[in-house]
Every structure is written in C-alpha cells, then in structure tokens.
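In what follows, a single structure is set out as structure tokens and then discussed.
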Amino acid sequence: MMPEHILVAVAWPYANGPRHIGHVAGFGVPADIFARYHRLRGNRVLMISGTDEHGTPITLVADKEGTTPQAIADRYNKIIGDDLYNLGLSYDTFTRTTTANHYAVTQDIFRTLYERGYIIRQETLGAFSATTGRTLPDRYIEGTCPICGYDEARGDQCDNCGSQLDPTDLINPRSKVDGQPPVFKPTEHFFLDLPAFAEQLRAWIDQQGHWRPNVRNFSLNFLKELKPRAITRDLEWGVPIPLPEYSNRDDKKIYVWFDAVIGYLSASIEWARNRGEPDAWREWWQNPDARHFYFMGKDNIVFHTVIWPAMLLGYGAGGQFGANPGGKYDGIPLQLPYNVVSSEFLTMEGKKFSSSRGIVIYVNDFLSRYDADALRYFLTIAGPENQDTDFTWAEFVRRNNDELVATWGNLVNRTLSNVYKNFGSVPQPGPLTAADEQVLAEVTGGIETVGELLAAARFKAALSEAMRLAAQVNIYLSEQEPWKVIKSDRERAATIWYVALRCVDTLKIIFTPFLPFSSQRLHEYLGYDGYIAGPLRFQDVTEADGRTHRVLTGDYDQWSGRWEPSALPVGQTLRQPQPLFKKLDEKVVEEELARMQSRAL
RNA sequence: GCCGGGGUAGCUCAGCGGUAGAGCAAACGGCUCAUAAUCGUUAGGUCGCGGGUUCGAAUCCCGCCUCCGGCACCA
C-alpha cells in the first residue's frame with residue numbers, strides 16, 4: 001500500500017498562561033494518538049502547531065506585570081512547549097506565531113485575499129480603552145443591562161437575562177480592565193468577505209459525510225447567517241497589515257484569529273525549511289491525495305470548518321508561497337480539511353476549569369507528581385471525546401489502579417517476571433494447542449480492529465478494545481496456569497509463556513499510540529534495542545532577521561515500530577523487568593482536593 | 001431568546017428500529033505466577049417526562065423538563 005500523506009493539524013494553545021489538563025485532553029492527546037498510529041502504519045505524517053501569541057489577553061498580562069507582550073509570549077511558549085514534550089506529544093513542528101516566517105505567510109495570505117477583493121474595508125464604531133487607547137473587545141466591557149437592569153452585563157451579552165447586546169447598549173459602560181468608561185469612536189477595519197464563499201462552502205460541507213454529525217450540522221447552520229467578519233483590530237500587538245498606508249502605523253494589526261489558523265500552513269512551511277527541503281510542505285498542502293485532520297475543542301469548530309476553509313478557497317494556488325511556477329504543484333490550490341475532529345469539554349470535580357478560582361490542575365504540576373502515560377490513559381478512556389466529561393481525582397486514581405495497573409500493567413509484569421526468572425530469554429515453544437492459537441489470533445486481530453477505530457478517530461473505543469484484549473490474555477493465563485504446569489512439564493510451560501510473550505509484544509504495539517513511554521520501556525524489557533516510537537527533541541531555529549526560537553520536533557523517520565503483529569525471536573534475551581505503572585495511594589485523592597482547596601483561597 | 005449536543009444499572013459511559021450492554025463499585029466462589037494483582041458467578045435499569053409513527057422505539061417524530069456549548073470584537 002502506498003504511504004498516505006496525513007496532516008495532523010492541532011489547535012494552537014494560547015500563550016497567556018500555563019495550560020491545564022483540559023486543554024491537552026481536547027486536542028493534544030487525541031491528535032498525538034492519531035499521528036503515532038499513522039506513523040506506525042508507515043504513513044507520512046506531518047503534525048504541526050505552536051503557541052498562539054497575539055491578541056488582547058497577552059497584552060493585558062503584560063500590562064499587569066509591567067513587561068512586554070513578547071516577554072509574556074516567550075515565557076509561556078517555553079512552559080507550554082515543555083509540557084507538550086513531557087506529555088510525549090510528537091509534533092513534527094511545534095513553533096509559535098511570532099516568527100518572521102509566520103508573519104510573512106500571514107501577510108501573503110492577507111495581501112492575496114485583498115488583491116482578489118475578498119477582503120473589504122469598512123468603517124465601524126469601536127470601543128477603546130480610555131487609558132491605553134487600545135481596542136476594548138466587547139467581552140471586556142461591563143455595564144448595566146438595558147433590559148433587565150443586571151449591573152454586570154458584558155458588552156456582548158447579559159449573563160443574567162441572556163440578551164444579545166452591543167457595548168453601546170450598556171448603561172454606564174466601563175472597562176473590565178481598569179473600570180474607566182470606554183471611548184467610542186469610528187475606525188476603519190478590514191473584513192473577510194465570508195458571504196462570497198457561502199455557496200462553495202455549503203456544497204463542500206454537504207459532501208463531508210464522514211464528519212462527526214455535530215460538527216457538520218453546526219457548520220451548515222453557521223453558514224445560514226454568514227456576514228463579513230472583521231480581521232483587524234486596533235492594537236499594537238499583532239501581525240502588521242501589509243498595505244503601504246499601514247506599514248508605518250502601530251495602532252492597527254491583523255486580528256489574532258486570522259493569523260492563528262494560518263499557523264497550520266506557516267508551521268508546515270517552517271518544517272520544510274528547517275529540514276532543508278523548502279518545498280517539502282507542498283506534498284501535504286498541494287498534493288490532492290493528502291488528507292488533513294484538524295483537532296480542537298468544540299468552541300473552535302467554525303474557525304476550522306468555515307473561516308479557514310474560506311481563506312484557503314480565496315487563496316487557492318496563488319500568492320508568494322502557494323505559487324509554484326514550473327514546479328510539481330504549479331496551479332494546484334491548497335487542500336481543505338478532510339476531517340475536523342472536535343472534542344467536548346473536560347470539567348474539574350464537577351465544575352468548569354477556572355484559573356482565577358483555583359479549579360484547575362496545570363499540566364506541569366500534574367506531571368511533577370504523576371506519569372504522562374497515566375494522564376494519557378485517563379484522558380483517552382474517560383476524556384471528552386463525544387460529550388463533556390468530568391475529571392475527578394477519585395476517578396483518576398481508580399482508573400489508574402484498577403484498569404491501567406491491574407489489567408495491562410499486571411499482565412506485563414506477571415509475564416515478564418515469570419519468563420525472566422524461569423527462562424531468561426524468549427523460550428522455544430512446543431506444539432501450539434487450540435487455546436494457544438485462539439488467544440494469539442484474538443490479540444493479533446487487534447492490529448486490525450484497534451487500527452480501524454484509531455483511523456476513525458474513535459480513541460475511547462480503540463483503547464477499550466486494547467484493554468479488552470489484555471484482559472483476554474489474563475484469562476488465558478488463569479486457565480493455563482503455567483506456574484503450576486512448570487512443576488511437571490517444563491516444555492508445555494515454555495509454550496504457554498511464549499504465547500503470552502507474543503501477545504504482550506503485539507499489545508505493546510497496539511498500546512504505543514496511547515502509552516508511548518511505558519511501551520518503550522516494555523520494548524526494552526523484551527530485549528529489543530532502539531526506539532519503538534520517538535524520541536522527541538527541541539531544535540533552535542535562527543531566522544534571517546537573526547532572532548532565534550525553539551521548535552519541538554523529533555526524528556520520527558527513525559521509528560522501529562510497525563503496526564504489525566509480534567515477530568518476537570525465540571532466544572532473545574530479556575532485560576530485568578520493572579513494573580510499568582505506579583499504583584497510587586488512595587490518599588492522593590484527599591491530598592489533591594486539599595491542594596485545590598488551598599489554591600481557591 | 002435562537003442554534004447544536006447530552007439526560008441509559010450506585011458511578012463513568014457504549015448502544016441509536018428487532019428479546020436492555022461494558023468497566024468500576026456490591027455479594028459469593030476459585031486461584032496464588034504477578035504491583036493483594038487475577039479468574040468465574042450473581043445481583044442491579046419501566047433507557048429524563050408526556051404524546052405519536054411502527055408488527056416492533058433508548059433508537060424515528062412532536063411537546064415539555066433539565067444539563068453543557070455556541071451565538072460572530074474571548075481566544
């Protein structure tokens with residue numbers, strides 16, 4: 001089978017603070033499982049993302065700390081990058097939106113859309129901060145609701161009566177940031193002409209029968225009331241507008257969302273350049289057979305199903321980057337998303353995550369006490385794949401101890417301990433019985449069944465099936481009782497343990513996308529060398545302007561793992577095994593709840 | 001308010017037109033190689049409420065209750 005080109009496009013974490021486990025549950029972990037699976041299958045995967053570093057919230061954090069937006073972005077780019085590395089998220093390129101490359105690609109898309117008439121100018125009445133002169137987004141304006149009299153209504157809606165509002169509707173409007181009344185004045189903005197693409201988008205989305213129904217329905221509905229959308233803001237922090245009259249102005253920039261989605265393309269271009277093959281990204285973006293999978297939370301659906309596709313349609317095969325005169329992909333437009341995999345939300349002990357109220361567990365804090373695979377297991381088996389789900393410490397401990405440790409960890413440990421102690425290497429089997437053949441066939445079948453579920457982005461079902469297969473091997477061992485058999489018939493015991501080892505070795509591959517760290521350790525206990533999948537590394541990239549930034553990447557071409565059944569050689573020497581996972585004390589629940597309580601004070 | 005998605009065993013969830021399912025928790029039993037891990041058996045639900053379509057409805061339709069999300073300048 002020809003290797004497929006798969007683009008795994010992961011939502012860009014916003015760099016105004018550390019990210020909590022809800023963020024990585026929604027897109028990071030699922031996307032990584034998907035990417036790892038496809039790499040094991042031998043497909044050519046390009047997994048890209050980065051930190052999203054423009055926009056109002058970062059400027060507010062900077063103001064509060066008396067520093068620059070760039071300093072804030074630098075700090076959280078580092079923390080978030082470290083988190084993703086520690087979680088084993090195997091990005092080909094995890095970069096950032098403040099690179100010269102990203103600015104160039106963003107401006108190319110803006111300029112191309114503008115020249116083709118898809119970006120139009122319009123004057124609007126904007127709200128500005130009286131103290132800083134910057135745009136005050138509707139959400140940052142508070143006042144009394146003209147309908148119900150609630151005095152903490154926001155500029156976009158009243159949380160008390162639910163009415164849709166304009167900031168100018170509010171009685172006694174004031175900035176949420178400094179309490180001053182906002183200044184309203186006319187300002188020119190650029191609008192993306194979304195209605196120009198409405199029919200094309202509708203026809204395209206109609207054909208996407210493989211999308212999750214909520215994604216498709218929601219997007220089609222969104223198309224019904226499509227209006228031009230402002231893509232600039234009165235802000236000094238952002239990508240400059242690439243038009244002569246704005247080149248020297250520092251008060252109007254491209255809106256963060258417009259540049260953030262372009263990151264999928266700019267990061268791909270950066271990946272190719274860093275690799276020394278500047279046109280390599282075209283194999284994913286202009287190859288008609290490539291498939292693009294986007295992973296994000298449900299709040300971001302329309303940016304990926306409507307707005308970004310509209311931008312891509314408008315850009316087509318043009319611009320400075322898209323054009324490939326005389327090249328292999330001359331005149332071929334950029335690819336639209338193949339699937340948009342949206343997750344629901346994770347809640348924390350029954351409540352919404354809230355940094356300000358202390359209802360939160362940050363990724364780095366979590367990983368300082370617990371293993372990445374334990375978190376990856378929980379977020380996959382109990383995560384918000386199809387509906388909102390709740391993270392509780394009690395459930396985390398229970399799933400870790402009763403499922404991960406007891407079923408899979410114990411199967412590995414009892415098998416390796418027995419074989420290591422009694423044989424030291426993979427034993428030579430005698431003739432296989434029907435029971436032996438059956439368990440081998442069932443586990444081998446998992447390569448197919450779990451693989452199909454992974455390809456369909458049904459991660460919860462895929463991991464459940466893998467766990468069921470591990471339980472099947474535990475049943476097999478209970479029935480065969482090799483620890484008894486060895487006392488009278490060493491050859492038969494050797495056969496049983498050989499079968500169990502083969503099953504464990506196949507399950508190791510099946511579990512690798514979900515649990516890469518423990519699978520690697522198991523790989524070594526089984527006597528193999530090299531990396532089954534990994535490792536990740538950081539790379540420092542210096543651009544033409546002399547600035548340097550750090551990119552998370554990895555040498556994934558070197559992976560030795562293949563999505564195939566075990567071919568464990570008889571006689572291979574095992575290494576001394578250790579338990580794969582840590583059993584957690586029940587006291588962890590109380591400790592963590594107390595920790596959360598103290599943060600809330 | 002409008003749009004979308006949920007409400008199924010004590011808990012977490014799967015099923016989405018053809019005799020109610022899984023894991024965990026519970027009760028009992030087996031095993032003791034393994035991180036007291038494991039294996040088996042049992043028990044447990046008028047599938048949010050009310051109507052309708054159908055030979056047959058968790059599953060389709062209508063209404064209602066309730067929870068979550070989105071609603072265009074939060075990202």
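Each chain gets a letter, A, B and so on, in the order its sequence line appears, and its residues count up from 1.
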Original post:
Closer than 4.0 Å, any side-chain N/O of A:T56 to the OP1 or OP2 of B:A75?
Top reply: yes
Heavy atoms under 4.0 Å, any strand shown: does A:R458 hit a base, just sugar-phosphate, or nothing? sugar-phosphate
For RNA chain B, the dot-bracket notation using Watson-Crick and G-U wobble pairs below 3.5 Å, [ ] for pseudoknot-type crossings and | for other-strand pairs, is ((((((((.[[[[.)..(..]]]].(((((.......))))).....[[[[[..)....]]]]])))))))....
Can you pull every protein N or O that's under 3.5 Å from an N or O on nucleotides 3-11 of chain B?
from : atom 1 : to     : atom 2 : distance (Å)
B:C3 : O2'    : A:N221 : ND2    : 2.4

By nearest-heavy-atom nucleotide on RNA chain B, the more 5' of A:Y255 and A:Q472 is A:Q472
(message) Using 30° and 60° as the class boundaries, would you call the ring planes of A:H23 and A:H20 parallel, tilted or perpendicular?
(response) parallel
Per atom distances to the A:H189 side chain, the nearest of B:C73, B:A25, B:C39 is B:C73
Where does the angle between the aromatic ring planes of A:F190 and A:F110 fall among parallel (under 30°), tilted (30 to 60°) and perpendicular (over 60°)? perpendicular
| said: Quick check on A:E586: does its CD atom have over 12 non-hydrogen neighbours (other residues, nucleotides or ligands) under 6.0 Å away? | reply: no
Next item on the list: Would you please classify the geometry between the A:H304 ring and the A:W257 ring as parallel, tilted or perpendicular, with 30° and 60° separating the classes?
Entry: perpendicular
Could you go through A:Q438 and A:Q472, starting from their C-alpha distance and side-chain angles, then the distance that decides it, and tell me whether this counts as side chain to side chain contact (heavy atoms under 4.5 Å, CB included)? CA-CA 10 Å; A:Q438 200 194 329; A:Q472 288 298 309; over 6 Å; no
Taken to the nearest whole Å, NZ/A:K484 to P/B:U38 is 19 Å
Original post:
Does a nitrogen or oxygen in the side chain of A:N418 sit under 4.0 Å from OP1 or OP2 of B:A34?
Top reply: no
(Q) With a cut-off of less than 4.0 Å, is there a side-chain N or O of A:R468 near OP1 or OP2 of B:A22? (A) no
Parallel, tilted or perpendicular: ring planes of A:W483 versus A:W497, cut at 30 and 60 degrees: tilted
Taking the ring of A:F345 and the ring of A:F353, is the distance between their centroids below 6.0 Å? no
